[in-house]
Protein chains: 2
Amino acid sequence: MNPAPRAYQIVLQAIEEDLRKEKLSVGDQLPGERALAERHGISRASVRDAIRILDVMGIIRTSTGSGPNSGAVIISNPSAGISQALRLHLAAKGINVREIVESRILLETWAAQMNPRDPVYAQQVIDRTAVLIMRMDDPQLSREAFHRIDAEFHVLLASMAGNSVVESMMESLRNSISDYVSDSVPSDEAWQPVVRVLRRQHKAIHHAFATNQRERAAQLLEEHINWFYSQTR
Amino acid sequence: MNPAPRAYQIVLQAIEEDLRKEKLSVGDQLPGERALAERHGISRASVRDAIRILDVMGIIRTSTGSGPNSGAVIISNPSAGISQALRLHLAAKGINVREIVESRILLETWAAQMNPRDPVYAQQVIDRTAVLIMRMDDPQLSREAFHRIDAEFHVLLASMAGNSVVESMMESLRNSISDYVSDSVPSDEAWQPVVRVLRRQHKAIHHAFATNQRERAAQLLEEHINWFYSQTR
DNA sequence: TCGCATAGTATGGTCTGACCACACCCTGAA
DNA sequence: TTCAGGGTGTGGTCAGACCATACTATGCGA
């Protein structure tokens, strides 16, 4: 049955157990790699395997040096691991862009129609997205910067629903295709008319949210996403 | 900007590039770790970091020995990485069960209402789920086995929509809470009445699918999931 | 007493080289 | 022709070393 359990899984399971029991929580430091190795009776190399996994999964952040901010510190960045997974499987042709776009529409329209769990936070989101829209109006903005703010805009709106799983998946879907998006529009000349339409759509979406027309916001989001991806093929 | 790019990222990016260009695809073998180390001018330890990441992300499968089925072979298991990420973040309290259940309902009801991309496959799914329902009727079945078949049942139904992202997320959500599910119902005595209701619900859901009542299937699925999790608190 | 440069210490990151168990393969004997 | 045996290359694991870094403690000088 279990002929060869990997050595790093010993550490991984122990840490997962500690997380579950809240012996470890966000902000805490993990014991040093050498200490973990000795505690579990395995080599530091195997401990590093576990640490590396926690790192790419967005559970911890590692840094060199000593002191309270060094070493492996628990963070919570659920989108990191999911983004990486989606990105790699997109490269490996295990999934395709159509499916990602379809999923984005599903998640974003759901989040838009969802009753916000926290009305105060929802109002903050509406205010903050208004700022993002203004920043995207800057004609000096590079395309990379525009895409970055654009992503933030969408993730922020999705966060209103108060579901971090949906929010992380949203962010991951957006991240996983960011290269694709950047490569999609070949020239800056072709980009100019596109960005004008995007700005207009963003403002309409924001207006629908601000006036609490959630159905309409969802519909506009779907059109917005579909339109943009029709431009990139 | 880039003071310390990790050594393993060199290999990771190279492999991702090869996947994108289809120089590598499912079934291919990766070069040996020693060969990759020499090619990129880094140590085997760093190469192993990259290999390990691809492994946990479900991009490759590794095994010892020699020959065409040994070493690191490209597979495509998108749910592996996402499952692991969700599972760890669930342990780290970065996400909670409510959010996972909410997401499951979102994905499953969407998939249920979606027009199948492939009618032939949809019919196969309906036939195969019928078999699973029969197997779940076995009173000798252990709870672990029941949950396993139950998960297969739900993932299979979701796969009808023909969106592997949604399917992977479904499977990952299901996997990430499997421990939670197993621990939820304390005794086998309490489990018996629960499993009877689950069987009945599964049959109703299957009937709705088989008779193409997709709206109703979605509604039954939502009730089914909500009911089960109301039992586990 | 205070301020600050310096040595000390612990961290993760990387490398080297070694040994193991395993699975295929190839050769040669029956 | 068959098949038992060793050969070879694979990932898995280990041990030990060195590095750059970042905090900490020391102690000197003002």
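Chain A is the first sequence line, chain B the second, and so forth, proteins listed ahead of strands; every chain is numbered from 1. Side-chain atoms are counted along with the backbone in the values below, which use heavy atoms only and exclude waters and symmetry mates.
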Original post:
With sequence neighbours excluded, what pairs up with Ser46(A) under the side-chain contact (heavy atoms from CB on, under 4.5 Å) test?
Top reply: Ala7(A), Ile42(A), Ser43(A)
Original post:
Counting N and O atoms only, with roles assigned by atom type, does the side chain of Ser25(B) sit under 3.5 Å from a partner on the main chain of Glu22(B), one being a donor and the other an acceptor?
Top reply: no
Subject >> First and last nucleotide of DNA chain C, 5' to 3', lying under 4.0 Å from heavy atoms of chain A >> reply: dA10(C) to dT14(C)
Subject >> For Ala35(B), all residues meeting side-chain contact (heavy atoms from CB on, under 4.5 Å), sequence neighbours excluded >> reply: Pro31(B)
**OP:** List the protein contact pattern of nucleotides 2-15 of chain D with one symbol per nucleotide (5' to 3'): B for base contact, S for sugar-phosphate-only contact, - for none; contact means a heavy-atom distance under 4.0 Å.
**Re:** -------BBBBBB-
Original post:
Between Leu12(A) and Gln84(B), is any pair of side-chain heavy atoms under 4.5 Å apart?
Top reply: yes
Just list the side-chain donor-acceptor pairs under 3.5 Å for residues 48-60 of chain B, sequence neighbours left out, or say none.
unit_1, atom_1, unit_2, atom_2, d
Arg48(B), NH1, Glu33(B), OE1, 3.2
Arg48(B), NH1, Glu33(B), OE2, 3.0
Asp49(B), OD2, Arg52(A), NE, 3.3
Asp49(B), OD2, Arg52(A), NH2, 3.4
Arg52(B), NH1, Asp49(A), OD2, 2.8

Original post:
Can you name the closest pair of heavy atoms from Met170(B) and Ala158(B) and give their distance?
Top reply: CG-CB, 3.7 Å
Original post:
Mind checking what makes ring-ring contact (aromatic ring centres under 6.0 Å, His included) contact with Phe228(B), not counting sequence neighbours?
Top reply: none
